[in-house]
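First comes the structure, then the notes that go with it.
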Amino acid sequence: LAFAGFLAGLFCSFGRLITVFAFIFGTISLSLYLFGWQALQGELAATLAVSIVFVLVPLLPVKVKALVPLLSGSFNDEAEKVREQIAVRLRDCGLVLRELANAFLTAAAGEDEKNDPVVMALIEGVIMRVCQNCPSRRRCWEKNLQRTYNATVRILSELDKGQVISEMRLPDYFEKYCGKKNDFVNTIAFLQELEKNGQAWQKKIAESRELVTTQLVGLAEIMMNLSKEVREGYPGEQQLHNQFFYVELGIAQAAKENQEVCGDYYSYLELRDGRQVFLLSDGMGNGTRAQQESRTAVKLVEQLLLAGFERDAVIRTVNTILQLRSQEESFATLDILIIDTVKGEAEFIKTGAAPSYLKAEQSVREVKSPSLPVGILSEVELKPVTISLQDDCMIVMVTDGIFEASPKQPDWLKNYLLEQRHMHPQVLADEILARAKQLYGSSELRDDLTILVCRAKRLKHKIRDYMTA
């Protein structure tokens, strides 16, 4: 029946009778081929019955045909009710996630208010452990409280500077009156070290809480957007029909000193609304460890963008995860290019990444940002740059290995691009890599290098115009 229906569909534009003959022919021919003459009679009877109903439906009385839209309307009403219920459930889930995020924020604010001053906590600790049963306690901590306090603060200051206890010069007042000065100094140094460890763990907990809060806020936003899309319909398909830019891509990459693993990582994807995203990351150092950092950053950005998270939440999440995943210092640059093929705009988001270059017909524009790489600071400052695209313009994204080619000529790539004529992105990427090696004076580079080239071309007509022509 599937084959017969397909065959009938091919002839539907020729009228009902031709469609019926095509359907009957398809059923008979396939039945003979598969089952032989024995099964033909039953299949033929069923086919003729269906064909007669198909031909007679337009000839039914008007009153009978009037029932069809009523039946259809009842199904539509039921579908609308189901859609509304789903939208309400999604909205409720979004509100719950938003309240959970607010609860985390409130708890964090309460803990910040409860934190006692560190110096007072250390002094109280050393009094309990060393001075509690000392005969001179009243003289030090009651009669001469201010002098003892100042001496203790000076000792803490020396310890903060990394001063070794055995080489530390204690305050004169302390040397003269304290009978347990060695125990006092060793104990306060021990308590200070415990406090530093506690603060480090508190920072980790705070960062983890911030990550959870960011994720909850992002998920709440996604739920609310899904609820709106269920109610109003998803606009992405219409946006795709309005597309009037398309993008070509070229990539060239080389590892430091011809190593097998390059520390850079790149990717590209298409979002649900049709925007094209190009990702490039440079991990700290080179080799396998650097690639792990850059790959982690890129894969996280991919999944968060595909899930519907906004760019600020994406960058904050990646930044926090890179900080939490290792006690050792680790970071990665992020270079994100988002091309809106409907509006004809390119958005550059950089955290510690090398400059990018936008080449038009007779000019080259440098795009850069002062932001630090992700994984260093707890807060990341984003300064996105949005540029309108011209027809047949080139966008060149690179890692910082490009500047090792000629350290005395930091603008060599910009000048090189000015001399180039329009070509395929892959050809340009390969030629930039070859030129970098030429400037190095060797095929072995001093740093990993990745070149990602996009060319945006304007369509003469929007896709919608083709589909409605």
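With a 4.5 Å cut-off on side-chain heavy atoms, Lys359 and Leu428 do not count as touching. By the 4.5 Å heavy-atom criterion applied to side chains, Ile451 and Gln253 are not counted as neighbours. With a 4.5 Å cut-off on side-chain heavy atoms, Ser363 and Gln390 do not count as touching. Using a 4.5 Å heavy-atom threshold, the side chains of Ile251 and Tyr268 count as touching. Side-chain contact check for Ile395 versus Ile339: some heavy-atom pair is nearer than 4.5 Å. Residues Leu358 and Val364 have side chains not in contact (no heavy-atom distance under 4.5 Å, counting atoms from C-beta outward).
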* Step by step, work out the side-chain contact (heavy atoms from CB on, under 4.5 Å) result for Leu280 and Leu337. => CA-CA 9 Å; Leu280 182 58; Leu337 170 64; over 6 Å; no

* Trace of the side-chain contact (heavy atoms from CB on, under 4.5 Å) decision for Asn415 with Gln409 -> CA-CA 10 Å; Asn415 297 329; Gln409 303 177 49; over 6 Å; no

* Given side-chain contact (heavy atoms from CB on, under 4.5 Å), test Val427 with Val453 step by step and report yes or no. => CA-CA 9 Å; Val427 175; Val453 182; over 6 Å; no

* Asked: How far apart are the C-alpha atoms of Asp335 and Ser356, what are their side-chain angles, what is the distance that settles it, and do they pass the side-chain contact (heavy atoms from CB on, under 4.5 Å) test?
  -> CA-CA 9 Å; Asp335 200 352; Ser356 296; 3.5 Å; yes

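Taking CG of Asn186 as the start and NZ of Lys180 as the end, the distance is 13.5 Å to the nearest 0.5 Å. With rounding to the nearest 0.5 Å, the separation of CD in Gln146 from CH2 in Trp141 is 10.5 Å. Summarising the geometry, atom CD belonging to Gln192 is positioned 5.0 Å from atom CG belonging to Leu159; distances are rounded to the nearest 0.5 Å. The line from CG of Asn286 to CD of Gln259 is 5.0 Å long, rounded to the nearest 0.5 Å. Gln276 CD to Thr341 OG1: the interatomic distance, rounded to the nearest 0.5 Å, is 6.0 Å. Note that CZ of Phe245 and NZ of Lys457 are 10.0 Å apart. Values are rounded to the nearest 0.5 Å.
Between the side chain of Arg295 and the backbone N or O of Gln291, no donor-acceptor pair lies under 3.5 Å. Using modelled atom types, no side-chain atom of Glu158 and backbone atom of Arg154 make a donor-acceptor pair closer than 3.5 Å. For the pair Trp412 (side chain) and Ile402 (backbone), a donor-acceptor distance under 3.5 Å is present. Judged by distance alone, the side chain of Thr152 and the main-chain N or O of Thr148 form a donor-acceptor pair under 3.5 Å. No donor-acceptor pair under 3.5 Å is formed between the side chain of Lys350 and the backbone N or O of Ser369. At distances below 3.5 Å, not a single donor-acceptor pair connects side-chain atoms of Lys414 with backbone N or O atoms of Leu418.
Residues Gly283 and Glu293 come closest through the heavy atom pair CA-CB, 4.3 Å. The shortest heavy-atom contact between Leu452 and Leu279 is CD1-O, 4.2 Å. Closest approach of Glu195 and Leu122 over heavy atoms only: CB-CD2, 4.2 Å. Minimum heavy-atom separation, Tyr440 to Gly401: OH-O, 3.1 Å. Closest of all the heavy-atom pairs between Gly263 and Asp448 is N-OD2, 3.0 Å. In plain terms, the two heavy atoms of Pro425 and Arg455 that are nearest each other are CG-CB, 3.6 Å.
A salt bridge between Arg435 and Glu431 is absent, with no side-chain N of the basic residue lying under 4.0 Å from a carboxylate O of the acidic one. Using a 4.0 Å cut-off between a side-chain N of Lys or Arg and a carboxylate O of Asp or Glu, Arg275 and Asp340 do not qualify as a salt bridge. Residues Lys256 and Asp447 are not paired through a salt bridge, judged by the lack of any N-O separation under 4.0 Å between the basic side chain and the carboxylate.
Inspection of the Gln426 and Asp430 side chains reveals an N or O donor paired with an N or O acceptor under 3.5 Å. Using modelled atom types and a 3.5 Å distance limit, the side chains of Thr399 and Asp282 yield no donor-acceptor pair.
Within 6.0 Å of CD in Glu260 there are 12 or fewer heavy atoms belonging to other residues, nucleotides or ligands. Environment of CG in Asn258: crowded, with over 12 heavy atoms of neighbouring residues, nucleotides or ligands closer than 6.0 Å. More than 12 heavy-atom neighbours from other residues, nucleotides or ligands sit within 6.0 angstrom of CD on Glu248. The neighbour count for Tyr266 OH, taken as heavy atoms of other residues, nucleotides or ligands under 6.0 Å away, does not exceed 12. Annotation: Lys383, atom NZ; neighbour count of heavy atoms from other residues, nucleotides and ligands within 6.0 Å does not exceed 12. Residue-environment remark: CZ (Arg89) stays at or below the threshold of 12 foreign heavy atoms within 6.0 Å. Within a 6.0 Å radius of CD in Glu366, other residues, nucleotides and ligands contribute more than 12 heavy atoms. Summarising the local packing, NZ of Lys196 is surrounded by more than 12 heavy atoms from other residues, nucleotides or ligands at distances under 6.0 Å.
Of the candidates Val318, Ile315, Leu305, Leu334, Leu300 forms a side chain to side chain contact (heavy atoms under 4.5 Å, CB included) with just one, namely Val318.
The ring pair (Phe, Tyr, Trp, His ring centres under 6.0 Å) test applied to Phe278 returns no partner, not counting sequence neighbours.
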